[in-house]
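Just so you know, ligand 1 is whichever comes first in the structure, and atom 1 is the first atom listed for that ligand. These values consider heavy atoms only, across backbone and side chains, with no hydrogens, waters or symmetry-generated copies.
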Amino acid sequence: TIERTFSIIKPDAVAKNVIGQIYNRFETAGLKIVASKMLHLSQEQAEGFYAEHKERPFYAPLVEFMTSGPIMVQVLEGENAIARNREIMGATNPEEALAGTIRADLAGSMRENCAHGSDSIASASREIAYFFSDDEICPRTR
Ligand code: CMP
């Protein structure tokens, strides 16, 4: 089935100047970008986005990292987009990520791991709505 998923290119990847290289990986894998923008998250936006991790020891440094510079947020559309995007990203820990994935090739650490992707249909709809209004999403008919 055709799904939509939410994706972030994190501050480490924007700083490394690999936005285009990551977009190329999405497109090569058959995912279409149907919404996209650059943002510099506020503390409140980052805390709210990662609220489910509030009790984790990595929460405060994660919020600090995610507010450290601009990010790209995008909605990706395609066949099995949620799982497909997670395959392209590779495991959260770059040392465990398969060769050829974004995190294996570009990420420096478990925290500074270049990209985020929704892990389920429920989180995809929550995360898309957190950053995009309906009129910012452009259905692709050709
Ligand atoms: P993400 O997919 O954005 O979701 C939560 C983020 O927390 C994750 O990617 C990593 O950037 C970070 N993270 C998850 N686990 C750890 C960990 N054990 N140590 C540090 N950062 C982590």
Side-chain angles (χ1 to χ4, degrees), residues 1-140:
T1 45
I2 303 288
E3 293 172 345
R4 284 180 180 172
T5 191
F6 176 72
S7 161
I8 302 179
I9 298 178
K10 296 187 182 186
D12 57 329
V14 174
K16 283 176 80 171
N17 218 22
V18 291
I19 297 169
Q21 190 194 136
I22 292 175
Y23 273 24
N24 187 35
R25 289 167 187 249
F26 296 152
E27 294 185 334
T28 300
L31 296 174
K32 293 177 177 179
I33 298 162
V34 295
S36 168
K37 60 190 167 189
M38 183 175 269
L39 294 172
H40 193 142
L41 293 184
S42 67
Q43 177 93 5
E44 293 67 32
Q45 280 176 308
E47 285 174 353
F49 182 75
Y50 283 118
E52 66 185 301
H53 297 306
K54 202 174 238 162
E55 306 310 324
R56 305 284 197 97
F58 61 78
Y59 180 70
L62 173 63
V63 168
E64 187 180 354
F65 163 58
M66 289 300 293
T67 57
S68 68
I71 62 172
M72 294 296 301
V73 292
Q74 47 281 328
V75 178
L76 307 177
E77 185 176 86
E79 191 65 31
N80 293 320
I82 295 168
R84 193 85 196 86
N85 182 40
R86 292 177 70 80
E87 273 173 33
I88 299 165
M89 290 193 300
T92 306
N93 183 348
E95 285 174 15
E96 291 164 13
L98 296 179
T101 61
I102 290 169
R103 285 160 170 170
D105 292 350
L106 302 170
S109 70
M110 183 94 137
R111 175 171 308 119
E112 303 204 4
N113 63 357
C114 285
H116 165 83
S118 308
D119 63 4
S120 65
I121 290 174
S123 25
S125 28
R126 179 186 73 80
E127 292 172 2
I128 290 169
Y130 193 85
F131 285 105
F132 291 100
S133 58
D134 285 347
D135 69 345
E136 290 178 304
I137 302 173
C138 300
R140 298 269 293 265

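Looking only at heavy atoms of the protein, atom 3 (O) of ligand 1 is closest to Y50 OH, 2.5 Å. In this structure, atom 20 (C) of ligand 1 lies nearest to the protein heavy atom F58 CB, 3.6 Å. Counting protein heavy atoms only, atom 17 (C) of ligand 1 is closest to M110 CG, 3.5 Å. Atom 2 (O) of ligand 1 has H116 ND1, 3.0 Å as its closest protein atom, hydrogens excluded (heavy atom only).
Between the NE2 atom in H53 and the OH atom in Y59 there is a gap of 10.0 Å [rounded to 0.5 Å]. The CD atom of E96 sits 11.5 Å away from the OG1 atom of T101 when rounded to the nearest 0.5 Å. Here I128 contributes atom CD1 and S118 contributes atom OG; the two are 6.0 Å apart, rounded to the nearest 0.5 Å. A distance of 8.5 Å separates CD in Q74 from CD1 in I8, rounded to the nearest 0.5 Å. Separation of atoms CG (L31) and CZ (R25) is listed at 13.0 Å; rounding is to 0.5 Å.
Within 6.0 Å of the CG atom in L98, the count of heavy atoms belonging to other residues, nucleotides or ligands does not exceed 12.
At a 4.0 Å heavy-atom cut-off, ligand 1 does not touch E112 at all. Heavy atoms of K10 found under 4.0 angstrom from ligand 1 belong exclusively to the side chain. In F65, neither the side chain nor the backbone holds a heavy atom less than 4.0 Å from any atom of ligand 1. Under 4.0 angstrom from ligand 1, there are no non-hydrogen atoms of E52.
Per-residue contacts place H53 under 4.0 angstrom from the following atoms of ligand 1 (heavy atoms of the residue considered): 5 (C). Near R103, meaning under 4.0 Å from any of its heavy atoms, are these atoms of ligand 1: 2 (O).
A tilted orientation is assigned to the rings of F6 and H116, their planes being inclined by 30° to 60°.
No side-chain N or O of T67 forms a donor-acceptor pair with one of Q43 less than 3.5 Å apart.
Considering backbone and side-chain atoms alike, R111 places an N or O below 3.5 Å from some N or O of ligand 1.
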